[in-house]
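Notes follow the structure.
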Amino acid sequence: MKKILIAIVGLLAAVLPSRGQTISDVVFRQNDEGRIVINYNLKLVDAKKATRVKAYMSLNDGPFRQLRHVSGDVGTVSWSGLKTIDFDVFKEYGPEEIAGDIAFSVRGRFPKPVYWAAFDYYAAESRYSEQNTFYGFSVGYCNPFGGYLRCMFGEGDHYDTYDSGSKSSFAITLGPVYQVLPNLFLYAGAGYGRYVGHADYVWSTALGGADRSYEETGCQFEGGAMVRMLKFLTLSAGYGALTGKSNWQYFTYGFGITW
């Protein structure tokens, strides 16, 4: 099989270090089948993987052009160590002989850890109560997997179909987060919730003439999505529910900052 004639003029690693993470020591050779084998060393520190890893070639000091017919450690690459890219030069350039000075470059990106803190608004309702408003805050971390912690609290007046009354609440939830896209995150969590209300006589009658106060505690579940905007702002929306006979459920909306 016809081989290409090459003169090595440069072995390049065209990736800027990020928090000590690098692609370096790029070397290449031609195997017995005429294909080019490119090796590089990947070093990961904070990032769990390198993404958009691509190989490029320059011929006779010309511009670097991305190679299409490659396989192996390209795209998303995990774990530090020696990596290999297989380049089918004949599929890329056809049967004609290639002679000259050739240099290869390997480039990629290192996803940065994402941290955020947000203010949350809750619109909650139950079997016995409507139009309850609570507030809370959440913090989280992701790269691309991570976790979050959310705390919700509130007290004041409510207004429902029976009459008015007072209520208070407290809940804390935590769970995993996954970065689906660079600016889209999904979360799901569980925790403890406690809701306390005091009803007037009309509401008490609706509850079967029971005590004028009620308290509901149990396991609280929730899930939702968060979108990062302008690189430093976040918007989120989700749905949650508390186990128990009162069927507490809520929609949550939040906005915050990320870094």
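On a predicted model such as this, the values are computed, not experimentally measured, just so you know.
- Proximity of a side-chain donor or acceptor of K54 to a complementary backbone N or O of R68 within less than 3.5 Å is not detected.
- Taking the ring centroids of F153 and F170, they lie at or beyond the 6.0 Å cut-off.
- K43 has its side chain out of reach of S24: every pair of non-hydrogen atoms, C-beta onward, lies at least 4.5 Å apart.
- Within the 6.0 Å centre-distance limit, the rings of Y195 and F134 are counted as a close aromatic pair.
- Counting heavy atoms from C-beta on, the side chains of P113 and Y141 come closer than 4.5 Å.
- Residue S138 forms a side-chain hydrogen bond (donor to acceptor under 3.5 Å, both in side chains) with just one option from D120, T252, T173, and that option is D120.
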List the steps, then state whether side chain to side chain contact (heavy atoms under 4.5 Å, CB included) holds for Y135 with Y121.
-> CA-CA 5 Å; Y135 302 96; Y121 167 83; 3.6 Å; yes
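- Using a 4.5 Å heavy-atom threshold, the side chains of V106 and F104 count as separate.
- Checked by atom type and distance alone, the side chain of D25 never pairs as donor or acceptor with a backbone atom of Y40 at under 3.5 Å.
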Working for ring pair (Phe, Tyr, Trp, His ring centres under 6.0 Å), residues F137 and F119 = CA-CA 5 Å; F137 64 89; F119 172 81; 9.4 Å; no
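- Under the 30°/60° scheme for interplanar angles, the aromatic rings of Y148 and Y187 are found to stand perpendicular.
- No single ILVMFWY cluster, assembled from side-chain heavy atoms under 4.5 Å apart, contains both V37 and L82.
- A heavy-atom distance below 4.5 Å is not found between the side chains of L67 and H69.
- Using a 4.5 Å heavy-atom cutoff, the side chains of M57 and E92 are not in contact.
- Qualifying side-chain hydrogen bond (donor to acceptor under 3.5 Å, both in side chains) partners for N41, counting only residues two or more places apart in sequence or in other chains: none.
- Under the 4.5 Å side-chain heavy-atom criterion for ILVMFWY residues, no single connected hydrophobic cluster contains both W116 and I172.
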Quiz: residues 233-240 side-chain donor-acceptor pairs under 3.5 angstrom, not counting sequence neighbours:
residue: T234; atom: OG1; partner: G256; partner atom: N; Å: 3.3
residue: S236; atom: OG; partner: G254; partner atom: N; Å: 3.4
residue: Y239; atom: OH; partner: Q249; partner atom: OE1; Å: 2.6

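- Using a 4.5 Å heavy-atom threshold, the side chains of Q179 and R228 count as touching.
- Taking the ring axis of Y56 as reference, the NZ or CZ atom of R107 stays within 45° of it and closer than 6.0 Å to the ring centre.
- Within the 3.5 Å criterion, the main-chain N or O of L44 finds a donor-acceptor partner in the side chain of S80.
- Hydrophobic cluster membership differs between M152 and V177, with clusters built from Ile, Leu, Val, Met, Phe, Trp and Tyr side chains linked at under 4.5 angstrom.
- Between Y93 and F87, the ring planes are perpendicular. Angles over 60° get that label, and only those under 30° would be called parallel.
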Run the numbers on Y250 and L242 for side chain to side chain contact (heavy atoms under 4.5 Å, CB included), then give the verdict.
-> CA-CA 9 Å; Y250 60 89; L242 177 76; over 6 Å; no
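- In this structure a side-chain-to-backbone donor-acceptor pair under 3.5 Å is missing from D73 to I85.
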